[in-house]
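The structure appears below as structure tokens.
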Amino acid sequence: MDKQLLKAAYSHEDFRENGHQLVDILAEHLNKTLNRTSSKVINWEVPGEEYKFWNNFLLHGKPSELNNEIIKRSIHLHHPHYMGHQISPVAPMTGLTSMLNAVLNNGMGVYEMGMAPTAMERVVVEQLCEEIGYNKKSNGFLTSGGTLANLTALLSARKKIASKDIWEKGNSHKMAIIVSEEAHYCIDRAARIMGLGEKGIVKIPVDKNFALNTELLEEVYKKTSNEGFEVIALVGSAPSTATGIYDNLDGMGNFALDKGLWFHIDAAHGGGAIYSSKYKSLLKGMHKADSIVMDGHKMMMMPSITTALLYKDGIDSHNTFRQKADYLLQESKEEDWYNLAKRTFECTKYMMSLHWFTLLKIYGKDLFDEFVTTLYDLAQKFGKILENDPCFELAVKPMSNILCFRFVEKDLDLPTLNKINSGIRQKLLEEGEFYIVQTKIKGTSYLRATIMNPFTTEEHFLDLLKKIKARGTLMIDK
Ligand SMILES: *Cc1c(COP(=O)(O)O)cnc(C)c1O
């Protein structure tokens with residue numbers, strides 16, 4: 001065997017040439033999308049046809065066209081008309097850190113398999129903890145996504161709070177977690193994975209502004225306890241995904257402290273607001289949380305998936321997966337902060353800290369302030385436009401960069417309007433000039449926009465609304 005393929009696959013010259021080409025292609029892609037000379041956000045294709053295309057491409061496609069086809073057939077987050085799901089148009093610099101990560105491929109399972117990223121991770125985490133207002137006891141790590149981070153935090157909660165040692169003895173015990181009915185579905189899923197069952201996830205209704213109704217906390221807590229459940233945690237959303245509304249974290253923090261519950265904040269989306277001098281008050285009371293989740297790939301301009309899980313008391317992060325209760329780490333100064341895999345779900349994980357550290361080093365933390373403040377300001381503007389237009393109705397005044405609104409026409413009933421709004425969203429998707437999503441709240445269908453691109457302007461909002469009105473009017477006439 002002459003190992004031709006291996007030689008080709010590891011050719012540094014091929015890498016250099018293809019790499020330069022790809023960087024040029026991506027730079028041009030950014031130029032076109034950010035400046036909107038490429039007209040579409042998405043070239044919509046139905047799943048079956050997309051599958052056929054790629055099946056055929058594997059056999060007959062030209063290798064030189066592969067990258068261009070991938071870009072053409074992907075949604076363009078850097079387009080100012082992208083106002084859909086809560087994923088960042090990344091700072092292009094993190095495309096380069098992604099490449100560095102991929103080529104070095106330090107797996108971080110043990111310290112020597114990632115010395116630099118392990119130490120950088122500690123620096124980044126300490127910086128985040130300080131920003132939150134945690135003291136020196138705090139600690140944390142980076143992990144693969146908000147979903148996994150929420151599950152990890154709730155496992156830490158169970159380890160610390162539950163009166164039985166579930167980790168050793170198994171689950172023979174009724175436990176509950178209290179959360180808003182608007183919390184992200186992954187909290188419900190985490191509770192079920194932990195064996196709490198449907199009854200173990202207690203959902204508190206939201207108030208008229210879609211925040212967890214804190215007035216109901218006492219009553220729900222009592223009722224749950226009286227039914228024989230040991231309540232272990234209270235979870236706040238910062239903000240909730242559907243409507244973008246922040247819970248009253250300060251009030252919830254006080255309640256949790258009073259009852260001896262673990263207070264967890266799911267700030268996967270809006271934790272980055274801690275960097276915004278204008279909007280950080282939304283996170284008032286954040287430092288009272290025992291654990292906090294923040295996604296780098298949502299409001300912090302990083303690639304998927306890059307998440308911070310932070311603990312008020314760092315020792316709790318060391319205890320989650322520890323085998324024997326008697327060995328629970330106490331206030332020991334011997335904590336091996338550099339063996340991250342003892343604290344995370346992952347064994348191997350990618351070098352996420354490269355993104356955080358590089359952005360901090362090259363641009364500084366004010367970059368996050370500019371990003372979050374710009375997007376939240378834009379959402380306020382969009383909210384005002386919607387409020388002043390009789391063709392539209394806002395579900396709730398925006399608190400973050402998420403807006404839920406619908407096209408309305410006074411003579412039409414709810415089922416008809418639901419159908420029209422769903423129809424508008426489908427039409428927009430297929431046309432591909434704008435990208436927004438939809439959500440259903442208490443039986444009403446809303447269009448949902450998340451302003452993710454700091455280069456979106458008021459003019460783009462007006463163009464979008466004009467388009468929605470035209471589509472909506474057409475559907476009424478039908
Ligand atoms: C996005 C989101 C999650 C899930 O995070 P992933 O990183 O997508 O796993 C959890 N909670 C909230 C509030 C979110 O917005």
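Atoms within each ligand, like the ligands themselves, are counted from 1 in listed order.
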### Query
Do S240 and ligand 1 have an N or O pair less than 3.5 Å apart?
no
### Query
Does F229 have K174 sitting over its ring (NZ/CZ under 6.0 Å from centre, angle to axis within 45°)?
yes
### Message
Students often mix this up, so state it plainly: with edges at 30° and 60°, are the rings of H81 and H460 parallel, tilted or perpendicular?
### Response
perpendicular
### Query
Out of curiosity, is S237 lining ligand 1, as in a heavy atom under 4.0 Å away?
no
### Query
ligand 1 versus A149, non-hydrogen atoms closer than 4.0 Å: side chain, backbone, both, neither?
neither
### Task
Could you tell me the residue and atom name of the protein heavy atom closest to atom 6 (P) of ligand 1, and the distance to it rounded to 0.1 Å?
G146 N, 3.3 Å
### Task
Considering heavy atoms of the protein only, find what lies nearest to atom 1 (C) of ligand 1 and give residue, atom and distance to 0.1 Å.
K298 NZ, 1.3 Å
### Query
Parallel, tilted or perpendicular for H85 and Y435, by the 30°/60° rule?
tilted
#### Entry: Salt bridge present between R122 and E126 (N-O < 4.0 angstrom)
yes
### Proximity flag P239 to ligand 1, non-hydrogen atoms under 4.0 Å
yes
### Query
What part of T147 sits under 4.0 Å from ligand 1 if we count only heavy atoms: the side chain, the backbone, both or neither?
both
### Query
What is the nearest protein non-hydrogen atom to atom 11 (N) of ligand 1, stated with its residue, atom name and distance?
D266 OD2, 2.6 Å
